[in-house]
Amino acid sequence: MSGSITSRELAAIPIERLHGVGPKKREALEQLGIENVLDLVTTYPRRWVDRSREARIADLVPGEEALVIATVRSARARTTRNRRSMLNVTVGDDSGRLDLVFFNQAWRSRQLTEGLQVALFGTAGTYRGGLQMANPIVDLIGDRTGRIVPIYPQSEKARVSTWEIAAWVEESLRRCAERGIADPVPAAVRERHRLVDRERALHDIHLPESIRDKEIARHRLAFDELLRVQLVLVARKRRMERDARGIAHADGGELAQRFRASLPYPLTGAQERVIAEIGEDLAAPHPMHRLLQGDVGAGKTVVAVAAMLRAVEGGHQAALMAPTEVLAEQHAVGISRLLDGVVVPDPANLFGDRPLRVELLTNRVSGAERTSVLAGLADGTVDLAIGTHALIQEKVDFASLGVVVVDEQHRFGVEQRAALRDRTASGPTPDTLVMTATPIPRTAAMTVYGDLDVSVLDELPPGRTPIATRWANGPLLEAEAWADVRDQVAAGRQAYVVCPLIDESDKLEAASALETHERLAHDELSGMRLGLLHGRLPSAEKEATMDSFRSGELDVLVATTVIEVGVDVANATVMVILDADRFGIAQLHQLRGRVGRGEHASMCWLVTRDIEDGSPRVEALVASTDGFELAEVDLDLRGGGTLMSTSQKGRSDLKLASLRRDRSLVEDARRAAFELVDADDELAGHPLLADELDLVFSDRDEEFLARG
Ligand code: ADP
Ligand code: MG
């Protein structure tokens with residue numbers, strides 16, 4: 001081999017080739033996901049200790065944050081009176097002695113053995129006349145002497161230390177130095193985005209001279225991660241556009257006009273804008289693949305109907321697929337009402353037109369009704385089909401499906417979307433609009449839904465009553481929540497109680513819902529009319545309960561997250577979510593969206609059991625009702641790293657790039673990917689880059705990316 005070393009070559013060098021890696025260390029490294037030299041050099045430090053900021057113990061100032069490098073002198077573990085574990089450690093440097101105290105970190109007594117060098121970050125306080133640091137950040141640094149010491153991820157179990165990893169990385173980079181490390185990213189792209197070369201970046205991420213060099217290196221390597229993801233997505237998008245024949249729908253004419261005129265309210269600016277965006281896609285000859293994001297209540301349905309009418313106007317059909325029967329039925333009722341009195345041109349009819357025909361198709365539609373709907377879909381007399389996955393079953397044929405709308409995308413897989421598109425066996429591919437009420441920050445959407453175009457409904461229709469949210473932490477405040485429910489019910493309103501989330505067990509969740517229902521009926525909410533709704537009930541029973549709640553025969557609906565989507569009862573003004581800290585931000589936001597749907601002010605209580613340390617997710621919900629803002633917070637809290645099917649260790653995963661910190665880098669990478677793919681869709685002129693993509697993305701990852 002000659003020329004610079006490629007990623008593929010690095011991946012072909014087993015880790016045992018490095019100094020001191022025998023069977024034991026190999027096994028340990030494997031546990032960290034490191035099997036070859038490429039894995040090793042892309043295992044980045046999780047922190048860098050800048051020794052130039054190091055303080056001597058004698059110079060520590062109480063109350064000020066500092067970094068100290070010291071040697072462990074002694075450690076003593078004990079248990080406090082209230083059964084907390086406590087570890088007292090004494091460390092020292094040549095200037096003095098410092099006491100450390102760790103609470104609830106019993107495992108550290110194995111870590112902090114006598115004689116060990118550690119870097120400690122923390123704030124020293126005074127305690128019994130001496131200095132003490134409580135729960136400092138501890139990094140083991142071995143005897144490394146560089147100005148900036150990289151700290152690698154290490155695991156107790158794996159038994160490889162950060163300095164061992166550092167030494168192997170150093171050895172690898174040294175051995176690469178002669179041939180040099182190849183840079184697969186074209187020079188033009190590097191220049192435009194002011195990126196240092198790959199070799200320099202790899203060196204400086206591991207062995208930087210300064211924190212600034214490390215940052216420059218990180219920027220470059222994060223760009224590479226994002227570029228790779230975008231290249232796959234953008235190539236897929238272009239392939240879909242190129243290969244599929246779509247329908248160029250005629251401009252919105254009379255039908256659309258009449259529909260808009262018939263609406264009881266003016267469209268919001270955001271609805272106008274999004275309808276126009278979709279309109280352009282519909283007019284184009286290639287099929288639309290667009291994601292419509294809009295918070296709960298943003299008015300997505302009208303946008304969907306406007307798009308579907310464009311298909312109908314041109315003599316095609318449209319279908320809307322919802323994730324549940326309840327939702328499909330609600331849509332069918334709502335949309336039929338919206339389209340009441342709308343007629344479509346029909347040359348076969350004496351009057352030249354006929355009423356628009358909307359039909360529902362779920363598994364509950366059976367017998368003669370089903371036969372009639374299926375026949376109407378096949379001969380084109382059904383204009384709009386609304387349903388569940390029943391729409392994509394074998395026996396369903398459309399005469400000419402022009403537009404497909406998929407509501408609440410997170411419940412469907414990409415295969416199902418594709419299956420609905422393929423309903424018209426030989427004809428053109430219908431335009432697809434995917435709607436989601438789970439707001440996703442723009443850069444995350446670009447990455448997770450990178451093969452779709454994205455439209456955002458970022459404006460709620462006017463006149464919404466705001467929802468106040470309160471955190472009820474502990475029994476005292478919880479009592480206030482129940483009092484609020486009683487007051488609201490006394491005033492003629494209704495309430496939801498959401499039961500604790502129990503992961504991965506329908507059965508346990510149902511049991512706990514039942515228990516909550518019993519308790520409330522006998523205790524806090526006794527005398528009220530309570531209904532129970534959970535996933536294990538037969539659908540007829542669920543339906544009956546929902547109907548009673550809707551018609552006001554029930555005061556309180558005790559439910560699991562089955563009420564998350566679609567339930568719409570304007571008279572419900574209070575929601576109590578139990579063990580709220582167990583839910584994710586997006587889910588809490590969705591749940592909360594069930595109230596605040598009518599003219600009365602609403603309240604959402606987030607109940608937790610005496611949490612001591614705060615709950616960032618619950619606090620976020622209290623602070624904001626804006627779904628996009630919450631999505632940003634969510635991304636911040638989760639770090640936004642893992643995208644792919646593989647766990648953190650996946651090669652294709654984002655190790656350095658963060659969808660939160662690197663927003664503009666995501667956009668740069670996407671732009672660069674478009675430029676590269678549009679100039680040369682097979683990347684034939686950039687063989688190194690094409691090869692690296694091949695290497696990095698397993699088929700599984702690619703599939704996952706497609707799924708979004
Ligand atoms: P989403 O599906 O986005 O959660 P919907 O389409 O169900 O929201 O709309 C929520 C409610 O807002 C519906 O009752 C609908 O009639 C109403 N609505 C939609 N658009 C407007 C508008 N421009 N002005 C006033 N009300 C609107
Ligand atoms: Mg909706």
Side-chain angles (χ1 to χ4, degrees), residues 291 293-298 323-324 327 407-413 434-445 447-449 456 467 469-473 496-506 508-510 512-513 516 533-535 559-567 575-596 604-609 611 613-645 647-648 653-654 658-660 704 707-708:
L291 176 74
Q293 290 192 57
D295 215 338
V296 181
T324 64
L327 258 179
D407 196 9
E408 313 289 356
Q409 123 98 13
H410 58 291
R411 305 268 163 139
F412 291 109
V434 178
M435 304 198 293
T436 170
T438 311
I440 308 157
R442 184 181 146 77
T443 51
T447 316
V448 181
Y449 296 102
V456 180
I467 308 170
T469 303
R470 283 192 62 187
W471 181 12
N473 189 24
Y496 296 103
V497 176
V498 181
C499 299
L501 185 68
I502 298 172
D503 284 335
E504 302 179 34
S505 170
D506 259 20
L508 286 180
E509 195 158 273
S512 121
T516 307
L533 199 65
H534 61 70
T560 58
T561 51
V562 294
I563 61 158
E564 190 181 333
V565 279
V567 176
M575 171 174 278
V576 180
I577 303 178
L578 298 172
D579 282 355
D581 52 315
R582 303 186 61 157
F583 294 85
I585 285 188
Q587 207 170 15
L588 288 171
H589 180 63
Q590 287 287 310
L591 287 166
R592 180 171 60 180
R594 301 302 110 210
V595 293
C604 177
W605 292 87
L606 302 173
V607 175
T608 56
R609 302 178 191 179
I611 300 181
D613 313 330
S615 169
R617 280 173 294 162
V618 171
E619 283 159 32
L621 266 286
V622 172
S624 173
T625 52
D626 178 330
F628 282 93
E629 206 174 303
L630 288 170
E632 298 279 349
V633 176
D634 198 22
L635 190 62
D636 281 0
L637 290 175
R638 286 187 295 132
T642 302
L643 292 173
M644 314 307 160
S645 53
S647 65
Q648 273 93 339
D653 216 352
L654 303 181
S658 139
L659 297 181
R660 171 178 61 92
F704 185 80
R707 189 178 320 254

Colleague: State whether the side chain of Arg617 and the backbone N or O of Phe583 hold a donor-acceptor pair below 3.5 Å, judged by distance alone.
Modeller: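 Such a contact is found between Arg617 side chain and Phe583 backbone.
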Colleague: For the atom pair CD (Glu619) and CG (Asp581), what is the distance rounded to the nearest 0.5 Å?
Modeller: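 Here the rounded value is 11.0 Å.
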Colleague: Just by modelled atom types, is the Glu629 backbone N or O under 3.5 Å from a matching donor or acceptor in the Asp626 side chain?
Modeller: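 Looks like yes, one N/O pair under 3.5 Å.
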Colleague: What pair of heavy atoms forms the shortest contact from Arg594 to Met575, and how long is it?
Modeller: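 It is CB-CE, 3.8 Å.
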Colleague: What verdict does the side chain to side chain contact (heavy atoms under 4.5 Å, CB included) test give for Arg592 and Leu630, after you've listed the backbone C-alpha separation in whole Å, the side-chain angles of each residue and the deciding distance to 0.1 Å?
Modeller: CA-CA 13 Å; Arg592 180 171 60 180; Leu630 288 170; 3.5 Å; yes
Colleague: For Pro500 versus Thr516, what's the shortest heavy-atom pair and its separation?
Modeller: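 Here Pro500 and Thr516 meet closest at CD-OG1, 4.3 Å.
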Colleague: Might you point out which heavy atoms bring Ala513 and Thr560 nearest each other, and give the distance in Å?
Modeller: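 In this case the closest contact between Ala513 and Thr560 is CB-CG2, 3.9 Å.
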Colleague: As an exercise, state the distance from CG of Leu291 to CE of Met435, rounded to the nearest 0.5 Å.
Modeller: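 Answer rounded to 0.5 Å: 10.5 Å.
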Colleague: If I take atom CG from residue Asp579 and atom CG from residue Leu606, how far apart are they, to the nearest 0.5 angstrom?
Modeller: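 With rounding to 0.5 Å, CG (Asp579) is 11.5 Å from CG (Leu606).
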Colleague: Show the nearest heavy-atom pair for residues Thr469 and Val622, with the distance to one decimal.
Modeller: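 Taking Thr469 first and Val622 second, the nearest heavy atoms are O-CG1, 3.7 Å.
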Colleague: Between Ile467, Val576, Leu621, Leu588, which is the residue that forms a side chain to side chain contact (heavy atoms under 4.5 Å, CB included) with Cys604?
Modeller: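 That would be Ile467.
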Colleague: With no hydrogens and no angle check, is any side-chain donor or acceptor of Gln590 less than 3.5 Å from a backbone partner on Ala586?
Modeller: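 Side chain of Gln590 to backbone of Ala586: no pair is present.
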Colleague: Indicate the atoms forming the closest heavy-atom contact of Asp295 with Gly627, along with that distance.
Modeller: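 Nearest pair, atom of Asp295 first, then Gly627: OD2-N, 2.9 Å.
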Colleague: Could you grab the distance from atom NE2 of His589 to atom OG of Ser624, nearest 0.5 Å is fine?
Modeller: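 Between atom NE2 of His589 and atom OG of Ser624 there are 8.0 Å.
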Colleague: What's the separation between atom OG1 in Thr608 and atom CG in Asn473, rounded to the nearest 0.5 Å?
Modeller: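 Those atoms lie 3.5 Å apart.
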Colleague: What are the two closest heavy atoms between Ile611 and Gly614, and how far apart are they?
Modeller: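 It is CG2-O, 3.6 Å.
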